[in-house]
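All values below come from the heavy atoms of this structure, side chains included, with hydrogens, waters and symmetry mates left out.
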Amino acid sequence: MLFDALQGILDKVQKPARYIGGELNSAVKDKESVSVRYAFCFPDMYEIGMSHLGMKILYSLLNAREDTWCERVFAPGADMEGLMRCKGIPLYGLESLEPIRGFDFIGFTLQYEMSFTAVLNMLDLAGLPVRSADREGLSPIVIAGGPCACNPEPMADFIDLFVLGEGEEVSPQLIELYKKAKSGGWEKSRFLSEAVNIPGVYVPSLYTVSYHDDGRIAAVAASDGAPAKVRKRIIADLDGVFFPDKFVVPFVEIVHDRAVLEILRGCIRGCRFCQAGFLYRPYREKSPCVLERGARSLTDSSGYDEISLTSLSTSDYCGLEELLSRLTSWTQEQGIGLSLPSLRMDNFTPELSEQIAKVRKSGLTFAPEAGTQRLRDAINKNITEDDILGACRTAFLGGYTSVKLYFMLGLPTETREDIAGIAELAHKIVDLFYSMPDRPKGKSVNVSISAACFVPKPFTPFQFEAQDTAALFREKQEYLKSCIRSRKVSFRYHEAGTSVLEATLARGDRRLCAVIEGAWKKGSKLDGWSEHFSQARWDEAMAQAGLDCSFYANRKRDYDEIMPWDHLDFGVSKEFLISENRLAYAGETTPSCREGCAGCGSGGGLYCG
């Protein structure tokens with residue numbers, strides 16, 4: 001039994017509680033009483049995966065069915081994996097401690113391109129072939145979803161089917177089809193050919209890709225009745241969609257260790273670099289009364305003393321004032337704090353500042369993204385310097401002395417003046433603090449700059465853009481560092497090599513499957529962690545496949561080039577993305593959805609303003 005084998009190794013690994021299950025609110029069922037067993041796999045460490053809201057939702061949704069038992073599976077740490085391979089312990093579900101290779105479904109959520117090798121490593125650790133074509137029989141069906149599934153091509157050879165868009169309605173439909181296939185003795189090929197009739201399901205093996213001599217895609221052809229274009233699934237009614245009334249409470253501290261309320265989906269803003277803002281359209285909100293009920297259920301069942309109101313832009317929620325009023329009527333009395341992440345600088349009010357201060361007073365985080373107004377207009381950030389300084393003034397008046405600002409280097413149309421503008425803006429915020437007579441007395445200010453490397457992503461207006469090379473990113477990082485004159489300003493930046501690889505995988509085609517497999521065979525498995533990442537492994541795998549990162553990352557695309565994801569429909573039209581790209585170079589902004597519809601194609605009448 002795995003239980004006995006685990007007892008012999010858990011005292012030899014860091015944080016053994018990651019690997020034992022049994023947490024409060026976890027779902028334990030009689031395996032003989034269910035028809036379908038589902039392994040929900042998060043291709044990263046326990047602390048990351050247990051913080052992910054999508055996993056919490058689908059885990060509870062599937063376990064609400066009497067015929068299904070969904071278990072959680074995470075990538076083991078290097079110490080645990082070494083012992084598992086040494087002792088012959090296969091990857092297992094936390095709820096039953098049984099090998100997942102015997103389950104009906106193995107589902108992965110793809111949140112980050114750098115987790116692709118972890119997917120292969122988890123399949124191998126489970127005792128399964130990593131390539132779909134080598135897995136015989138109906139089960140397990142290996143599926144994947146999440147934001148990186150918007151371009152599934154680099155993982156096309158490993159995954160049986162992808163779920164595009166929101167999974168709350170697709171997952172039960174797949175289970176019903178699978179039960180029919182299981183009872184009917186179907187082969188996997190028949191199941192997959194039937195699954196494409198479910199809206200939002202993409203089966204890559206039913207599509208053939210041809211290429212021009214220069215490496216660009218010539219055509220993508222569907223076969224066996226698969227649709228020429230697969231459209232993502234959208235939940236129209238957020239108030240009526242399933243949401244858990246309890247979360248599994250971890251034994252160890254996780255990244256976001258609190259109750260989480262999803263208050264809306266989508267975004268009204270249209271920042272041209274932001275993939276999430278386009279993927280999750282159209283904009284939809286939950287009503288305050290539904291959210292309050294959810295908050296009470298989650299805190300009662302979990303014991304959490306903090307609730308995070310999560311979304312892409314929390315301060316854009318129309319019912320925020322009413323929701324905060326409803327929640328504070330009982331959370332303050334019970335000592336439960338409210339956290340409001342993802343705040344906009346143009347609507348950060350004293351009331352919001354006061355509300356956040358009840359949870360933490362350490363600092364606030366905002367995302368100007370660019371240091372000059374010209375570049376903020378080009379990326380359609382739609383905030384001014386006055387908005388930025390006004391938000392900081394409000395924060396300082398509220399007693400805050402620390403502000404963290406997120407920027408990006410390498411944005412399209414960027415100049416050296418734009419880079420210097422990041423430092424200049426930080427200096428202005430420092431000067432603002434000391435110019436205020438009613439600032440917090442006896443305290444100094446800290447302005448923290450975090451500069452990410454711009455990564456062009458599918459389904460954004462910047463999907464056509466060339467990314468800076470790693471060498472150019474490093475040059476820009478050094479230049480920005482040289483522009484900072486104040487000790488009150490601190491500076492952090494991202495590793496450039498990882499960002500170039502991220503861009504390669506984000507916009508890659510299915511020829512990269514060989515590269516991902518090659519890098520995994522060389523030892524890549526937890527590439528999202530700097531201590532595990534090796535650029536050399538990827539460079540060797542790329543060379544062996546006869547490919548070059550620069551073709552995918554550093555090459556500008558023509559508007560009429562066929563993208564690897566053009567046969568997938570995420571609602572926003574390519575024509576709209578082209579229009580927005582042109583507006584970026586013209587330095588023109590597009591108003592928010594609330595100010596007027598720009599005709600992106602995603603709404604379908606769902607957003608009423």
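- Side-chain contact check for Arg326 versus Cys289: some heavy-atom pair is nearer than 4.5 Å.
- Between the side chain of Ser60 and the backbone N or O of Ile57, no donor-acceptor pair lies under 3.5 Å.
- In this structure the side chain of His532 never reaches within 4.5 angstrom of the side chain of Asp527, judged on heavy atoms.
- In this structure, Arg231 and Gly571 approach most closely via the heavy-atom pair NH1-CA, 3.9 Å.
- Residues Thr314 and Ser311 bring a donor and an acceptor atom of their side chains to less than 3.5 Å of each other.
- When every heavy atom of Ser301 is checked against every heavy atom of Asp245, the shortest pair comes out as OG-O, 3.0 Å.
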task = Start with the C-alpha gap between Phe491 and Tyr493, add the side-chain angles, then the distance that decides, and say whether ring-ring contact (aromatic ring centres under 6.0 Å, His included) holds.
result = CA-CA 7 Å; Phe491 175 42; Tyr493 52 88; 5.3 Å; yes
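- Counting only N and O atoms by type, the side chains of Thr590 and Arg272 include a donor and acceptor under 3.5 Å apart.
- Between Tyr304 and Leu298, the closest side-chain pair of non-hydrogen atoms is not below 4.5 Å.
- Between Lys286 and Glu292 no salt bridge is recorded (no basic side-chain N to carboxylate O distance below 4.0 Å).
- Minimum heavy-atom separation, Arg284 to Leu238: O-CD1, 3.5 Å.
- Between Asp346 and Arg269 there is a salt bridge, with a side-chain nitrogen of the basic residue lying less than 4.0 Å from a carboxylate oxygen of the acidic one.
- Asn380 places a side-chain N or O within donor-acceptor distance of the main-chain N or O of Gly270, the cut-off being under 3.5 Å.
- When side chains are defined from C-beta on, Thr365 counts as touching Tyr406, because their heavy atoms get closer than 4.5 Å.
- Residue pairs meeting the salt bridge (charged side-chain N to carboxylate O under 4.0 Å, His left out) criterion with at least one member in residues 390-399: none, sequence neighbours excluded.
- Rounding to the nearest 0.5 angstrom, the gap separating the CG atom in Asp387 from the SG atom in Cys392 is 11.0 Å.
- Ionic pairing of Glu23 and Lys246 is not present here: no N-O contact between side-chain nitrogen and carboxylate oxygen is shorter than 4.0 angstrom.
- Between the side chain of Asn151 and the backbone N or O of Ala506, at least one donor-acceptor pair lies under 3.5 Å.
- The distance from atom NE2 of His427 to atom CD1 of Ile422, rounded to the nearest 0.5 Å, is 12.0 Å.
- For the pair Ser51 (side chain) and His256 (backbone), a donor-acceptor distance under 3.5 Å is present.
- Here the side chain of Trp330 pairs no donor or acceptor atom with the backbone of Ile336 at under 3.5 angstrom.
- Because its NZ or CZ atom is not both nearer than 6.0 Å to the ring centre of Phe40 and within 45° of the ring axis, Lys56 does not count as a cation-pi partner of that residue.
- In this structure, the ring of Phe278 has its center no less than 6.0 angstrom from the ring center of Phe459.
- Inter-residue side-chain proximity for Ile175 and Arg65 is flagged as met; some heavy-atom pair is nearer than 4.5 Å.
- In this structure a side-chain-to-backbone donor-acceptor pair under 3.5 Å is missing from Glu113 to Cys148.
- Atom CZ of Phe247 is separated from atom OG of Ser302 by 8.0 Å, given to the nearest 0.5 angstrom.
- Closest approach of Asp316 to Arg344, counting heavy atoms only: OD2-CG, 4.1 Å.
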key: Audit row: Ile141, Ile106, side-chain contact (heavy atoms from CB on, under 4.5 Å) steps and yes/no   = CA-CA 6 Å; Ile141 304 290; Ile106 296 178; over 6 Å; no
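- Taking CG from Leu264 and OH from Tyr283, the interatomic distance works out to 4.5 Å, rounded to the nearest 0.5 Å.
- In this structure, Glu502 pairs ionically with Lys457, as a charged nitrogen and a carboxylate oxygen lie closer than 4.0 Å.
- Closest approach of Val119 to Pro43, counting heavy atoms only: CG2-CB, 3.9 Å.
- A donor-acceptor distance shorter than 3.5 angstrom exists from the side chain of Asn63 to the backbone of Tyr59, with no hydrogens or angles considered.
- The CZ atom of Phe396 sits 9.5 Å away from the OG atom of Ser435 when rounded to the nearest 0.5 Å.
- Residue Gln334 qualifies as enclosed at atom CD: its count of foreign heavy atoms under 6.0 Å is above 12.
- Residues Tyr38 and Phe103 place their aromatic rings such that the two centres sit no closer than 6.0 Å.
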inquiry  = Between Tyr46 and Phe74, does the ring-ring contact (aromatic ring centres under 6.0 Å, His included) criterion hold? Intermediate values first, please.
reply    = CA-CA 6 Å; Tyr46 179 94; Phe74 303 97; 5.2 Å; yes
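- Proximity of Asp44 to Ser115: side-chain heavy atoms (C-beta onward) are nowhere separated by under 4.5 Å.
- Around the CD atom of Glu321, the shell of radius 6.0 Å holds no more than 12 heavy atoms that belong to other residues, nucleotides or ligands.
- Considering all non-hydrogen atoms of both residues, Tyr19 and Gln14 come closest at CE1-O, 4.0 Å.
- The closest donor-acceptor contact from the side chain of Glu306 to the backbone of Gly337 lies at 3.5 Å or more, if one exists at all.
- Under a 4.0 Å N-O distance rule, the pair Lys29/Glu66 does not qualify as a salt bridge.
- No side-chain donor-acceptor contact under 3.5 Å links Lys232 to the backbone of Val163.
- Applying the salt bridge (charged side-chain N to carboxylate O under 4.0 Å, His left out) definition to pairs two or more places apart or across chains, those involving residues 45-54 are Lys15-Glu47, Arg18-Glu47.
- Between Ile429 and Lys488, every side-chain heavy-atom pair lies at or beyond the 4.5 Å cut-off.
- With Asn446 contributing its side chain and Ser402 its backbone, the two residues share no donor-acceptor pair below 3.5 Å.
- For the pair Arg72 and Phe42, the cation does not sit on the ring face, since its NZ or CZ is not both under 6.0 Å from the ring centre and inside 45° of the axis.
- Residues Phe105 and Pro140 are not in side-chain contact: their nearest non-hydrogen atoms beyond the backbone lie 4.5 Å or more apart.
- Ion pairing between Glu166 and Arg233 fails under the 4.0 Å rule for side-chain N and carboxylate O.
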key: Residues Arg265, Glu285; criterion salt bridge (charged side-chain N to carboxylate O under 4.0 Å, His left out); working and verdict   = CA-CA 6 Å; Arg265 288 185 188 175; Glu285 295 185 344; over 6 Å; no
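- Note: Leu291 CG to Asp239 CG = 7.5 Å, rounded to the nearest 0.5 Å.
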